[in-house]
Amino acid sequence: MFISLNKKIIYSITIFFFITSIIFVSTFYMIYGNKIQEEQLINIQRNQQYINLLYKNVTLNKELRHILEQNKHLKISNQGILDNLSLQSEENQENLLKNEQKRIAEINESYDKRYNAIGESIKIFGISSILIILSIILLTYLLANWILNPINQISQTAKQVSEGNLNIRIPKNKQPMFTDELDILITIFNQMLDNLQHYISEIKKQEHFLQALVDSIPDGIRVIDKNYNIFLANKAYHKQVGNIGKKCRKCYNASHKRKEPCDISSIHCPLHEILNNQRSNIKVIQQFACHPEKHLSINAAPIQYDGENLYIVESIRDLSEDINFSHQQKLSSLGFLSTSIAHEIKNHLGALRMILERLLDKHYSDIPDDNEEKQQLLLIYNELISSIAVPERLLKLSRTNENAIQDVNCGDAITDILSLLDFEAKSKGININFQPPETPCLISGNEADFKMAAINLTLNAIKAMDANGTLTIKIEKKAQTVNISFSDTGIGIPPENINRIFEPFFSDGRENRQKGNGLGLSITKTIVENFGGSINVESRVGVGSCFTLSFPPIKNLAKKKL
């Protein structure tokens, strides 16, 4: 049970005072009062005996006189003297009796005065007690102001500091006339809190810097202690374990959604290897529960802190990112090589085209078209034109035009390309169903590039369908995107080829379909991404395919230079 120091002092002084007073009064009364009573009782008994003797003496004298008066014949020598002594004795005895009674009365009165003196002493003691109590109250007040209240303030402040409130300070007089040890203690205590708050602020800044430094690392980083607790982790790691893993404090719970440490027979645990096999560095491949399709490379190493605490630092890398990077490097190298070759081929083919055009104009301009030799040359010329188109389309992959950004009306652009491809579609018996938007849909980019992307998708759909096939082109404007879908009823794309159709020079060419050069979808994807959009495909073999282009509308688009 808590009792304040103030109450302890007051209660202790009060109890001590009352106990001392009771002992003093009791002792004073028992010793001094009893002694007076005993003396008075002894004097009373002695005086009573003396009075009794006097009474007996007087009585005997009276009897003796009476006897002498009745027996006058008795001869007593010196009778006159005897009579005189008898008379004097009687008078003296009466005087002595009166004097003794008077002295007894005086003694009794003296005892009464002494008893009254005891009462006065008790009154004086009571007044002294009141003064002492007032002194105790005054002393308590001074102790409370000088000692107890400062100690209470220090105690309450220390309690709030222990609860985490470092902004509180002990109030003190602005300019005290006199300072004591407690004032110095309060000043030092406040300075200590200032220093503590400053150091904690510095530590938090260092923690934030450390966390920012760790977050800047692209690989997942986590620090684990020997009890499987995650001590530190960065943003890349939280992305790897997902939202559920962020709330888990145990590594096995965050990574594999387990309630107990991993079974080393099924999962290669770096922490187990380092702790039990004393290995300084270990590299393993794992799959986390939130992304079972991804393979993660984990490099783990121990770190000793203060010579006692052992932590395990794990660097977690998504191998799929390395694979994508390698694939991008391959495509970049291939694109650079292809564009270099395309330039050379285009130059030579252009020269052959010019030579062939000159020959046709010079030697065959007046020859009828049904001439076999002219037909062969025209066939060569047409094939040459088709060959020149291949490097031209290939160069589109790396072409940039900083001054080609404009507002493109999607509906008008698709209407234009359909008018160009109408003959080819009708010649194959393909029905094109175009669903334009109710209101104009504008995007920002290069109109020629947009038309090329739409032409590529339309031609691919026409090539993928037999007679009586249907191509549906639909433009929809949503809150954040403009979606353009190209849906055909063609042969579809096998699932194993879905992820490869955007690779340069990849072509399926099944069932005697006209083989392309494999650049159309690559060019289309490049154009769409330069517009700040995305391309998605859904396909079922024997049912058809649907390519959807998603572009940001102009009002939400931060214009991007192509």
Side-chain angles (χ1 to χ4, degrees), residues 327-328 331-332 334-335 338-339 342 386 389-401 404-406 408-418 420-421 424-425 430 432 434 441 443-465 471-476 481-488 490-494 497-509 513-539 544-552 557 560-562:
H327 183 64
Q328 291 174 1
L331 291 179
S332 177
L334 181 60
S338 300
T339 53
S386 299
V390 172
E392 286 181 348
R393 298 177 70 183
L394 183 61
L395 291 174
K396 285 286 185 178
L397 287 172
S398 57
R399 190 190 66 151
T400 59
N401 188 352
I405 296 178
Q406 60 190 102
V408 180
N409 189 317
C410 299
D412 294 344
I414 291 178
T415 300
D416 293 341
I417 68 159
L418 291 181
L420 295 175
L421 300 175
E424 185 170 356
I430 303 300
I432 298 179
F434 177 47
C441 293
I443 61 175
S444 182
N446 182 277
E447 186 175 4
D449 289 343
F450 176 78
K451 288 182 178 180
M452 177 175 286
I455 288 173
N456 288 337
L457 294 177
T458 304
L459 287 176
N460 286 348
I462 292 173
K463 294 176 183 179
M465 290 186 289
L471 170 62
T472 301
I473 303 175
K474 184 177 181 180
I475 302 177
E476 293 180 314
T481 58
V482 173
N483 295 334
I484 307 173
S485 60
F486 297 79
S487 302
D488 63 61
I491 59 175
I493 304 172
N497 293 335
I498 285 289
N499 295 327
R500 299 190 60 194
I501 59 175
F502 296 107
E503 296 179 4
F505 305 108
F506 176 79
S507 179
D508 188 2
R513 300 285 171 185
Q514 181 180 353
K515 293 184 179 181
N517 49 37
L519 295 174
L521 289 178
S522 296
I523 294 173
T524 301
K525 186 173 186 295
T526 302
I527 292 172
V528 172
E529 290 178 349
N530 287 339
F531 273 65
S534 62
I535 181 170
N536 296 312
V537 58
E538 296 179 0
S539 182
S545 303
C546 178
F547 288 82
T548 302
L549 308 181
S550 298
F551 299 97
L557 179 67
K560 180 178 180 181
K561 294 183 179 181
L562 299 177

Please give me the minimum heavy-atom distance between [X] and [Y], naming the atom from each residue.
{"X": "Asn497", "Y": "Ile501", "answer": "O-CG2, 3.0 Å"}
{"X": "Ala425", "Y": "Ile432", "answer": "CB-CD1, 3.7 Å"}
{"X": "Ile493", "Y": "Ser539", "answer": "N-OG, 2.7 Å"}
{"X": "Gly445", "Y": "Val408", "answer": "O-CG2, 3.8 Å"}
{"X": "Val528", "Y": "Ile535", "answer": "CG1-N, 4.2 Å"}
{"X": "Ile414", "Y": "Ile417", "answer": "O-CG1, 3.1 Å"}

Should the ring pair Phe547 and Phe502 be called parallel, tilted or perpendicular, given that the plane angle runs from 0 to 90° and is split at 30 and 60?
perpendicular
Partner set under side-chain hydrogen bond (donor to acceptor under 3.5 Å, both in side chains) for Thr458, not counting sequence neighbours:
none
List in chain and number order the residues that pass side-chain hydrogen bond (donor to acceptor under 3.5 Å, both in side chains) with Thr472, two or more places apart in sequence or in another chain; answer none if no residue qualifies.
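None.
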Atom pair [atom1]/[atom2] of [X] and [Y] - distance to nearest 0.5 Å:
{"X": "Asp449", "Y": "Ile527", "atom1": "CG", "atom2": "CD1", "answer": "4.5 Å"}
{"X": "Asn446", "Y": "Gln406", "atom1": "CG", "atom2": "CD", "answer": "6.0 Å"}
{"X": "Ile455", "Y": "Asn460", "atom1": "CD1", "atom2": "CG", "answer": "11.5 Å"}
{"X": "Ile491", "Y": "Met465", "atom1": "CD1", "atom2": "CE", "answer": "11.0 Å"}
{"X": "Phe486", "Y": "Thr524", "atom1": "CZ", "atom2": "OG1", "answer": "9.0 Å"}

When you compare the side chain of [Y] with that of [X], does any pair of heavy atoms fall below 4.5 Å?
{"X": "Leu418", "Y": "Ile473", "answer": "yes"}
{"X": "Phe450", "Y": "Cys410", "answer": "yes"}
{"X": "Leu457", "Y": "Leu549", "answer": "yes"}

With [X], which residues qualify under side-chain contact (heavy atoms from CB on, under 4.5 Å), at least two apart?
{"X": "Glu538", "answer": "none"}
{"X": "Cys546", "answer": "Ser485, Ser487, Thr548"}
{"X": "Asp416", "answer": "Lys451"}
{"X": "Ser534", "answer": "Asn536, Ser550"}

State whether the side chain of Asp488 and the backbone N or O of Leu471 hold a donor-acceptor pair below 3.5 Å, judged by distance alone.
no
